[in-house]
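Structure first, commentary second.
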There are 2 protein chains.
Amino acid sequence: MSDLFPKKGHDHDRCVHSALAQAEKVCDAENARFTDMRRKVFTLIWQSHKAVTAYELLDALTAEGQRVQPPTVYRALEFLTELGLVHRIESLNAYFGCDRPDCEHLGQYFICTDCGRVAEAVNEDMSNAVRKAARGVGFTIEATTVEIKGLCHDCATH
Amino acid sequence: MSDLFPKKGHDHDRCVHSALAQAEKVCDAENARFTDMRRKVFTLIWQSHKAVTAYELLDALTAEGQRVQPPTVYRALEFLTELGLVHRIESLNAYFGCDRPDCEHLGQYFICTDCGRVAEAVNEDMSNAVRKAARGVGFTIEATTVEIKGLCHDCATH
DNA sequence: CAGAAAATGATATATTATAACATTTCATCA
DNA sequence: TGATGAAATGTTATAATATATCATTTTCTG
Ligand SMILES: [Zn+2]
Ligand SMILES: [Zn+2]
Ligand SMILES: [Zn+2]
Ligand SMILES: [Zn+2]
């Protein structure tokens, strides 16, 4: 069984640093400004491997002493999602950091209903099945949402 | 190319009648009450092949002279979705009538961003790809959301 | 018919998201 | 270097989606 969810007790600082480094690179490549606010929101999203709602981010920023309003958070989220640094999980109304923002992908999300963690898969079998089904009915894909809820291996076995 | 979206100008009354007949059957089999309110909401959802929001339903009921409050609509929607008569489209916060409520399925939804129509596919290739991917990472599926946005064949070619 | 369970009504409020306009910050170049 | 316009953020208000709670009505069961 391949790993998808990070091991409990892994070095999460490394996840965060790597995500930040990639974000810098993507912003650079796109000539987009990775401002303080955007970096803060991005870093907050990467505090865990769970998806985070806009208002949780708002509360976290407030707790940090920033008094920001909803539009500020939503703007940062819009910027980050447009660059593919963050993905929105439709079935949770929440946001999740992408760990391969440098390559185009139709992502698929595994969402553990027990521990709340989310893991993004980039599974070509799934992507191809979706593309093939669309082709079969003459449908032109613009975007896909594939969200799979259930129990991660840790939660299913412990 | 197989048909998925209904032809424009098809006999939609037939869709509605068939859906109602199936709903009756399912409710009967489940010993669930297909009350007036539930039937009204169900029928309103089936007015078109688009997905409908809870508040659109509320407005439609109000227009019919019923003065109902949000909980009434949400309760009917909860009932209908639990029986599988209606599916929620997560990426639209909207609801859509199922045309095969009698058999269990992992549904997939094609959503046309031009005409707004939704079509449900029950595509075993997609379902199997999802199941296989889950198995591959030791994930136990509870529910899936597969929503594909783009252009239906009619809208892409006209 | 009595009593319990299910459904709906009614009121209030929580949660998620955006519109509109003001102000600040930043890159560009005259 | 400082005027200028574009981009980002601040601020206020409000829209859109959803649920909690308790009261009342309807339906089922015995
Ligand atoms: Zn980590
Ligand atoms: Zn888990
Ligand atoms: Zn029809
Ligand atoms: Zn269309």
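Basis for what follows: all heavy atoms, side chains included, without hydrogens, waters or symmetry-related copies. In the text below, chain A, chain B and the rest are named by the order of the sequence lines, each starting its count at 1.
Residues A:E90 and A:R88 are in side-chain contact: their nearest non-hydrogen atoms beyond the backbone lie under 4.5 Å apart.
Surrounding CG of A:D36 are at most 12 heavy atoms belonging to other residues, nucleotides or ligands under 6.0 Å away.
In this structure, the side chain to side chain contact (heavy atoms under 4.5 Å, CB included) partners of B:E78, at least two apart in sequence or on a different chain, are B:E82. B:E142 pairs by the side chain to side chain donor-acceptor pair (under 3.5 Å) definition with A:T113, not counting sequence neighbours.
For A:H17 and A:H12, the ring centers sit 6.0 Å or farther from each other.
Grouped with A:L151 in a hydrophobic cluster is no other residue, since no side-chain heavy-atom contact under 4.5 Å to another Ile, Leu, Val, Met, Phe, Trp or Tyr is found.
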Output side-chain donor-acceptor pairs under 3.5 Å for residues 21-30 of chain A, partner residues at least two apart or in another chain, one line each.
| residue | atom | partner | partner atom | Å |
| --- | --- | --- | --- | --- |
| A:Q22 | NE2 | A:D99 | O | 3.2 |
| A:E24 | OE2 | A:R39 | NH1 | 3.1 |
| A:E24 | OE2 | A:R39 | NH2 | 3.3 |

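Judged as a ring pair (Phe, Tyr, Trp, His ring centres under 6.0 Å), not a single pair has a partner in residues 54-83 of chain A (not counting sequence neighbours). For residues 100-121 of chain B, the salt bridge (charged side-chain N to carboxylate O under 4.0 Å, His left out) pairs, not counting sequence neighbours, are B:R117-B:D154. Within the structure, ring pair (Phe, Tyr, Trp, His ring centres under 6.0 Å) contacts touching residues 115-158 of chain B (residues at least two apart or in different chains) are A:F110-B:F139. Applying the salt bridge (charged side-chain N to carboxylate O under 4.0 Å, His left out) test to every pair with at least one member in residues 56-72 of chain A, sequence neighbours left out, gives no pairs at all.
Residues from residues 70-97 of chain A placing a heavy atom under 4.0 Å of any atom in DNA chain D, listed by number, are A:P71, A:T72, A:R75. Residues from residues 38-57 of chain A with heavy atoms under 4.0 angstrom of DNA chain D, sorted by number: A:R38.
You can see that DNA chain C meets the heavy atoms of chain A within a 4.0 Å-exclusive cut from C:dT16 to C:dC26, reading 5' to 3'.
One atom, CG of B:L58, and another, C1' of D:dT19, lie 14 Å apart when rounded to the nearest Å. Look at CG on A:D36: it is 15 Å from C1' on D:dG10, rounded to the nearest Å. Atom CD in B:Q69 sits about 15 Å away from atom C1' in D:dT24, given to the nearest Å.
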Under 3.5 Å, N/O pairs linking protein and nucleotides 28-30 of chain D:
none

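The pair B:K7-B:D3 counts as a salt bridge, with a side-chain nitrogen and a carboxylate oxygen less than 4.0 angstrom apart.
None of A:V146, A:I89, A:I148, A:T145 except one satisfies the side chain to side chain contact (heavy atoms under 4.5 Å, CB included) rule with A:Y109; the exception is A:I89.
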